[in-house]
Structure formats: structure tokens, C-alpha cells
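Working notes, beginning with the structure itself.
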Number of protein chains: 2
Amino acid sequence: MTENTPRPVDPLDPFTFVLHGSSGDLSRRKILPALAHLAAEGHFRPESRIILAQRQAATPGQALAQEDAFLAEIGDESARKSLSALQPHLGTAALALGEPDAQASLDRAVAGKPEPVVHYAALPASRFIDLMALINGPRDPARLRVVLEKPLGYSGKDSRRIEDVVAQHLDECQVYRIDHYLGKQAVQNLVALRLGNLIFEPLLNREHVAQVQITIAEDLGVEDRAASYEQSGALRDMVQSHMLQLVATLAMDPPISLDADALRDEKLKVLRALKVPRVGARDSDVVIGQYVAGHMNGRPVPGYQQEDGVPPRSLTESFVALKTEVNNWRWAGVPFLLRTGKRMPMRLAEIVVQFREVPLQLFTPLGGQWTGNRLVVSLQPEDSLQLHLLAKVPGQRDCLQPVALNLDFSDAWRIPVRDAYERLLGDILRGRLSLFLRRDEVAAQWAFVDQLRDELQERAARPLAYPAGSYGPPESTSLAFRAGGAWSESLKLAGE
Amino acid sequence: MTENTPRPVDPLDPFTFVLHGSSGDLSRRKILPALAHLAAEGHFRPESRIILAQRQAATPGQALAQEDAFLAEIGDESARKSLSALQPHLGTAALALGEPDAQASLDRAVAGKPEPVVHYAALPASRFIDLMALINGPRDPARLRVVLEKPLGYSGKDSRRIEDVVAQHLDECQVYRIDHYLGKQAVQNLVALRLGNLIFEPLLNREHVAQVQITIAEDLGVEDRAASYEQSGALRDMVQSHMLQLVATLAMDPPISLDADALRDEKLKVLRALKVPRVGARDSDVVIGQYVAGHMNGRPVPGYQQEDGVPPRSLTESFVALKTEVNNWRWAGVPFLLRTGKRMPMRLAEIVVQFREVPLQLFTPLGGQWTGNRLVVSLQPEDSLQLHLLAKVPGQRDCLQPVALNLDFSDAWRIPVRDAYERLLGDILRGRLSLFLRRDEVAAQWAFVDQLRDELQERAARPLAYPAGSYGPPESTSLAFRAGGAWSESLKLAGE
């Protein structure tokens with residue numbers, strides 16, 4: 001492994017960062033800690049300002065104390081240590097979006113402060129339009145940027161309505177649409193491995209790949225998010241952005257550069273080439289599910305419909321498994337299996353590229369089945385990459401056994417792998433758009449999800465029950481089987 | 001990594017093993033320890049016999065005591081522990097090859113013992129013909145086998161003379177020609193990785209490989225081997241078998257099976273396709289060298305011509321570097337750089353497959369030069385495989401740095417990686433020929449070396465001086481440079 005040398009910090013030019021919705025969960029859990037780490041690492045010049053905008057007025061001291069208490073509660077001691085580094089940059093603003101004095105409050109808050117002014121909308125999509133009404137700045141990304149958190153609405157139509165308003169106020173190059181999965185080390189390394197190395201690109205195509213699986217499994221249930229989850233469900237919550245972006249990142253052709261538009265042009269081509277899964281009573285390419293009472297780690301847990309805030313006969317899916325294909329020259333015919341759900345046995349996010357079997361296997365398997373070669377990109381619980389091979393067991397016989405070559409990022413460089421938001425905020429403040437979604441990408445993602453939802457509705461598909469603590473309805477297993485394989489956890493049980 | 005489970009031992013059918021030259025260095029250092037380990041692991045049935053044949057008579061007890069003393073001297077405690085397991089199988093025979101009573105002694109020694117009878121010729125090639133005169137057994141590999149140690153003569157003509165005699169007494173399928181490099185775990189795993197996995201085979205060709213380097217570096221000088229080394233030199237000692245076999249193993253096409261002839265047919269095709277290096281005053285494809293006085297680990301050491309037993313104006317090469325090519329559809333134009341020498345800075349044997357650069361590098365190198373992707377098969381000092389990649393350094397910037405994915409065999413299975421001879425003896429006793437050389441392979445290897453030697457002679461090439469403790473004459477560096485690269489140790493210095 002490479003010896004780690006301390007890297008010089010490249011401080012950001014001065015900026016004003018307005019955090020809208022600064023008392024919300026996302027701000028407290030992710031954005032403020034990421035800002036604190038950046039400040040503590042010396043990325044901010046003294047004149048840079050961070051303004052916490054929220055409905056209730058608070059002093060910077062109060063806001064910091066609240067954040068510190070919150071971090072103590074969730075046990076983020078590392079962020080607590082960095083928090084004081086924010087103090088010299090911090091201001092607050094009482095700002096009630098949609099109220100008549102909002103404009104004046106906001107103007108006052110940013111008056112005379114350094115540019116660019118970055119508005120970070122850590123808000124529900126329903127408030128984006130109210131925020132946009134206040135954005136009257138120049139159409140110049142060097143002076144004004146806006147960051148939008150997902151979900152951008154709950155359908156393509158809804159998203160279009162918001163985006164049309166955004167476009168009235170801003171040029172596309174001023175808009176940073178976040179999908180924080182793109183800030184994860186493993187996802188960035190997937191791009192780096194593909195494009196920085198010779199050996200992967202010749203293998204990532206229909207000739208050598210049997211199947212791609214993407215799983216985002218949550219062990220949690222709906223928790224206190226019932227109200228918003230009832231509006232989305234697994235398909236809109238997870239598939240619409242995170243999962244389709246992972247497909248696009250894995251499947252895209254090499255771009256002509258790493259510039260934002262070059263990269264996003266390639267991803268867009270993949271998103272537009274996605275085949276909408278066929279919905280049917282039998283041999284359906286999509287399975288939706290809803291968890292019923294079950295067990296997690298031996299402890300009984302309630303079903304979805306028994307959770308606080310969920311209506312008793314809810315038809316919201318808490319699980320979806322689907323098969324799609326990337327209908328282009330490179331990937332046609334290769335199943336892309338996507339699966340996500342709540343109350344699955346573990347918290348896990350991974351991309352598994354399952355390569356084809358060798359055309360002729362000359363060696364003898366030593367117990368168990370062959371599992372073939374796999375490239376596994378793990379995003380959760382840890383960022384890592386693994387290459388699963390078969391190698392010869394030492395000794396007298398010519399038997400092969402699975403081994404994994406590991407690339408663990410924190411190990412490799414002995415520097416902590418920080419949360420995705422730290423990287424993404426750094427990019428926003430530097431004006432780098434590559435890790436953010438373009439409007440046409442979001443639209444293509446919605447087109448896929450909307451069409452699939454229409455199909456489901458037309459066929460009156462209802463979520464199938466699965467016990468909490470399981471891998472979803474058994475129909476999900478059949479779906480993988482029909483696509484020529486098994487979900488990766490069963491390969492692990494058999495082969496490793 | 002895979003959990004290790006103890007593997008059941010598959011005992012060998014009864015046999016009689018006659019070790020000719022049992023008091024020689026090879027027998028004492030390698031063969032007797034390997035037999036002892038096999039016995040201690042339970043591979044031998046009680047009725048199996050091991051007969052130590054040597055000129056001076058000794059009892060089995062004396063022979064064991066001598067071996068124990070030798071192992072203590074060289075510090076092989078592991079073999080000493082196993083040694084007593086040989087005792088129940090052991091016999092001795094006083095046998096003076098070439099003497100009139102040799103036949104009677106040998107017949108007496110094996111009379112009534114179990115078949116197959118395996119004659120292991122741990123002898124100088126000059127004695128092979130004397131041994132062959134005594135072999136009058138059936139032309140049936142189930143009843144009689146003969147093991148020949150390299151060198152099989154000192155030229156193609158010499159080898160042919162011996163082989164003609166061998167062929168008068170034995171069928172090809174009874175002859176086990178040893179190149180112990182083929183018994184090494186890393187070499188066997190090279191075959192396993194290539195043929196047991198999908199992902200390497202599509203990359204191992206002229207489209208993706210820039211260069212192949214094979215280095216066998218010895219830190220030792222000629223030691224007490226001057227007499228035999230003067231007859232061979234680096235070209236015949238190392239290139240003729242070990243290095244050309246490594247080329248063949250790496251470059252061969254996938255065989256139709258792992259059976260001996262299927263495998264050897266493919267290797268033979270490579271050996272016959274080798275381009276003989278061009279010898280010239282300038283831009284020569286071959287560099288020969290001879291070490292002069294220098295330093296090893298800070299200690300002064302004498303030059304080759306000052307070593308005991310070396311004539312003062314010797315022209316024997318102790319170093320050779322050459323560029324060849326495998327002139328077939330798969331490899332044409334890819335330089336295969338071979339290099340071996342004595343008194344180099346370290347003991348090292350490795351195959352380095354240097355892949356081409358990516359066609360378009362989108363990332364920024366972080367210091368140092370790009371080194372591209374490399375597959376490194378290490379045979380010495382440890383058996384291991386490494387895949388060298390570039391991966392993204394965590395943090396704010398899109399920089400790549402080299403990382404190595406490691407497959408360390410003893411680590412992977414938590415079982416000791418034993419010496420190559422243990423595996424090879426097991427194969428001989430099981431009647432498996434795959435890891436042994438066929439006569440036509442040896443002939444093709446000699447054809448390459450003889451032609452090269454003829455060229456060198458014709459051009460009156462003399463070895464260039466290099467100081468002990470260096471990587472050879474500077475002309476070796478130019479040779480690698482003209483082939484489009486640098487020797488692997490300089491990549492390591494720059495990139496890792």
C-alpha cells in the first residue's frame with residue numbers, strides 16, 4: 001500500500017453560505033458536521049460566512065450549542081470536536097419562507113457579504129418554490145449558486161413544475177442537485193477504477209458481464225418518517241435517484257473529460273436507454289413488497305401498517321426489486337437487478353458486477369458451487385471495493401477456492417474516509433458540478449419511475465407481504481432466478 | 001478470505017522410490033525434506049519403500065543421522081521434525097554407477113518391492129546414460145518411472161544424445177523432467193488465475209499488454225558451483241529452462257484440458273514461436289554481463305573471475321538480459337524482457353505483466369509518474385500475486401495513486417506453502433505429468449538458446465562488466481528502454 005503523505009490544504013475562495021432549513025434533521029446530522037470538518041481542516045478563509053436561516057430567531061451561540069447537544073445525542077464526537085471551527089464564520093437569520101418580510105430578511109442577511117452566495121435548500125420540495133421567489137441574484141455561477149436536496153417533487157410532473165420555477169431564476173450551471181451517493185468514496189472510486197485503469201473497461205460489457213445487482217438494504221423501518229414516506233415509497237425514495245445514478249455511473253461510456261457536462265451527457269445516455277420493467281401477474285420484472293411484523297436480531301418488530309402515522313390499509317411499498325436493462329450496444333441483454341427495502345436483515349448498499357463463467361472450467365470446484373468472478377463496490381456499511389476470484393489452494397490438488405482481493409479506502413491511505421457531504425460541499429463551494437445532477441438526468445429518472453408506476457397502477461399491483469428481518473417477498477428470489485442468477489447474499493452463504 | 005478447513009489426505013498407492021545421488025546437495029536440501037513432509041502428513045502407505053542409492057554404503061540409520069545433521073546446519077527445523085516419519089519406509093543401497101556390479105546391486109535393492117518403481121536421478125547429466133543402462137523395466141508408467149533433474153546436458157546436441165538413450169529404455173510417458181519452478185505455488189496459481197477466472201484471459205494479449213518482464217535475480221555469487229557454472233553460464237543455467245517455461249506458462253493459449261499433453265502442447269507452441277534476440281554492436285536485443293568486485297549490503301565482495309575455481313580470463317556470463325517476442329497472433333509485437341543474474345542487489349523472481357496505459361487519462365497524477373496497471377507474480381522471496389491499480393485518494397481532489405491488491409497464499413489459506421518439490425514428488429508418485437517437461441519442449445528451449453549462443457559467438461560478444469550488488473550492466477537499462485519501458489524495480493522506486 002502507498003505510504004500516506006499529508007496533503008496540503010487548498011483553501012476555498014471566500015463565500016457566503018446560506019443554509020435554509022438549518023434546524024432540520026439533514027442540516028444537523030450531515031451538513032453542519034461536514035461544514036465543521038471543512039472549517040477545522042483549514043479550508044475556509046476568515047472572511048467566509050455561514051448563515052443559518054430558520055423560522056425561529058437564534059444567536060450563533062445558541063445555534064452552536066443546539067448542534068453540539070444534537071451531536072452528543074447521536075454520538076458524533078468527531079464532528080463535536082470540529083464544531084468550534086465554525087464559530088468565527090457563523091451568522092444566523094430569522095427567515096419565514098412565504099411570509100411578506102422574508103425577502104427583506106434574506107437581503108439583510110447577505111448584504112455586504114462575500115460572493116458567491118450559495119443557498120442550500122435543506123427543505124422539503126414543497127418549499128423550493130417559496131425559496132426561489134426570493135432568489136433575484138445575477139445569472140452568474142461565480143456570484144450565485146443554489147443547492148437543491150432530493151426529492152425534487154414526487155413525480156416527473158411535480159418535479160417539472162419546480163424546475164420550471166428554478167429555471168426562471170437561475171441558469172442550469174448555478175443549480176446543484178444533490179444525490180449524496182455520488183459523494184461517496186466507493187462511487188467516486190468506481191469511476192476512478194473504470195477510467196484510471198486499463199483492466200476494467202474491456203471487461204464491463206455484455207460480452208463479459210452476466211448480471212449486475214444493486215442492493216440498498218435498510219435494517220430500519222419507517223421510523224418517524226411515515227408522513228413523507230407515505231408520499232414516496234421505496235420506488236421514489238430510493239430507485240428514482242440513488243439506484244438509477246449508480247446504474248448510470250457503472251454503465252456509462254467513458255466521457256471525453258471529467259467536466260460536469262461531459263460526465264452527465266454519458267450518464268444521461270444510460271438513463272434514457274433504461275428498459276422499463278414489464279409488470280405482470282406471472283414472470284413480472286418487478287416485485288413490490290410491504291413489511292409485516294417480524295423479527296430483527298431476535299427482537300419482535302411491528303409491520304409497516306402498525307407504524308406510527310401509517311394509515312391502516314396503506315398500499316405504500318417499503319420494498320422493490322426490479323429487473324431492467326441498459327438498451328445500448330454495450331449492455332443490451334445484461335440484466336440489471338435493483339433491490340431496495342426497509343426492515344431487511346442488515347444495512348447494506350452495494351453494486352455487484354457478476355462476470356460470466358469461464359467458457360470451459362478445467363479445474364475442480366472444492367465444495368460448494370462456483371461463484372464466478374465478481375466486482376463488489378460496497379457503499380454501506382463501509383466504502384470498499386472487492387474483486388472476488390478463484391485461486392488455487394496450496395498443496396497436492398488442483399482445486400480452486402474463492403478469494404477476495406480487497407481495497408479498503410481508509411486502510412489504503414490511513415486517512416479517514418469522511419461523509420459524502422464533506423466532498424459535495426467542497427465541490428459546491430469550488431463551483432464543480434460533476435457530482436451533481438443535471439435537470440435532464442432527473443427528468444429521465446422520473447420518466448423511468450413514472451412509467452413503471454403507471455404500469456403498476458394499471459395492473460393494480462399491490463405490495464406483497466414480507467416479514468420484517470427478511471430479504472423481501474419470495475417473488476424477489478424468483479425474479480433474480482429468472483434473470484439467470486441469485487441475489488448476492490445467497491452466493492456469499494454458499495461460497496464464502 | 002475463505003475460512004480454512006483441514007483437507008483430508010488422499011494417500012498415495014504403494015511405491016518404491018529409488019533416490020540416485022542421495023548424498024548430493026539437491027537430495028539433502030530439497031528431496032529428502034519433501035519426502036519427509038509427505039510421510040509426516042500421512043501420504044505414504046506402510047508398504048511404500050524409499051531407497052537411498054549412493055556410492056558409499058550406509059545403513060538407513062546412518063543416512064537419517066547424516067540428513068538430520070545437514071538440516072540442523074542449514075536451519076530447516078521443520079524438515080527435521082518430519083524426518084522420523086521416513087524411517088519405516090527407508091532402505092539404502094550401495095550403488096556405483098558405471099561399475100560392473102551396479103546392475104546386480106540395483107536389482108537386489110528393488111526385488112520384491114512394490115511397483116511402480118520410481119528412479120529419481122539427482123545426478124549430473126553426465127551420469128544419466130550410466131543410469132539408463134541399468135533400467136530394463138517394462139515400458140509401462142504404472143510399473144516404472146524415471147525422474148530427470150535439469151540440466152539435461154549443456155546444448156541441444158548434448159541433450160539429444162542423452163534423450164536418445166532415454167528413449168531406448170523408456171516411453172515418453174514414463175519420463176519426468178523436472179523444472180522445479182513449475183511446482184511453485186505462484187506459477188500454479190498463474191495457471192489457475194488465467195484459466196479458472198474470466199477476468200484475466202481477455203486482457204492477456206497484444207491489445208492490452210505493453211510488455212512482460214521476467215526477472216530471476218540472485219544475490220549470491222557463484223559460491224562453490226564454479227566448476228558446473230563455467231560449463232553453463234546464466235543463459236543455459238536459468239534462461240534455458242526456468243525462464244522459458246515461465247514465458248510459456250504465461251503466454252500459452254488455454255489448453256483443452258489440464259492433462260499433461262494438452263498443457264504441454266500449448267506451451268510447446270509458445271516455445272516454438274519465440275523470436276531469437278538479435279545480437280548487434282548497437283541496439284542489441286541481448287546483453288550479457290559478468291560481475292566484477294563490488295558491494296553487497298555494504299560488504300565488499302570479489303568479482304566473478306576472483307571466485308574459487310573460475311579461470312582468470314573466463315568469458316562465462318553471470319548475467320543476461322534479453323528481449324524476445326512470442327510470434328503468434330495473440331502476442332506478436334509485445335516485448336518479453338528476460339533478465340537473470342548473480343550478485344544482483346536481492347534475491348527476487350517475478351513475472352510482471354505491464355498493461356498498456358489507458359487510451360485517455362482523465363485523472364491527474366498525484367506526484368510521480370503513472371505506472372499503469374501491472375500483474376505481478378512473485379516466486380521469490382515469497383509466492384504471491386499482486387494486482388497494481390490506480391485508485392482515487394479520499395478527499396476533495398480527483399487524484400489517483402497506486403495501490404496493490406494482494407493475494408498472499410499462506411495468508412489466504414492459513415496453511416504453509418511448502419517447497420515446490422513436495423508438490424512435484426506427489427505428482428510423480430501419482431503419475432501426473434502435467435508439471436514436467438516433455439522432450440519436445442526441452443528441445444525447443446535448446447533450439448532458442450543454441451541459436452542465441454551461436455549468434456553471440458559469431459559476433460564475438462563478450463560479457464560486459466557490472467559491479468556485484470548492481471542490476472547488471474547499464475546496457476540492460478537501455479535494452480528495457482528501447483522496448484518501451486523500464487525494469488520493474490525503477491517503477492517501484494518512482495511510484496510506490
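Each chain gets a letter, A, B and so on, in the order its sequence line appears, and its residues count up from 1. Note that the coordinates shown come from a computational prediction; the quantities given were computed from them, not determined experimentally.
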Any residue meeting side-chain hydrogen bond (donor to acceptor under 3.5 Å, both in side chains) with B/R356, in chain and number order, not counting sequence neighbours: none
Closest non-hydrogen atom pair, A/A192 against B/K392: CB-CB, 3.8 Å
Sorted by number, residues from residues 35-44 of chain B in contact with chain A (heavy atoms, under 4.5 Å): B/L38, B/H43
Side chain, backbone, both or neither of B/I256 within contact of chain A (heavy atoms, under 4.5 Å): backbone
A/P255 portion near chain B, given a 4.5 angstrom heavy-atom threshold: both
Taking every non-hydrogen atom, the tightest pair across A/H208 and B/P202: NE2-CG, 3.5 Å
Chain A contacts, top residue of B/L424, B/V358, B/L387 (heavy-atom pairs, under 4.5 Å): B/V358
Atom of A/L362, atom of B/L195 and distance for their closest heavy-atom approach: CD1-CD1, 3.9 Å
CG on B/N373 to CG on A/N197, rounded to 0.5 Å: 4.0 Å
Note, B/L389 side chain near A/I199 side chain (heavy atom, < 4.5 Å): yes
Residue list, salt bridge (charged side-chain N to carboxylate O under 4.0 Å, His left out) with B/R330, at least two apart or on another chain: B/E201, B/D253
side-chain contact (heavy atoms from CB on, under 4.5 Å) involving A/D265 - partner list, sequence neighbours excluded: A/R438
Chain B contact via A/L375 - side chain, backbone, both or neither, heavy atoms under 4.5 Å: neither
A/F363 vs B/V191 side-chain heavy atoms within contact, under 4.5 Å: yes
CG-CG distance between A/L193 and B/L400, expressed to the nearest 0.5 angstrom: 8.5 Å
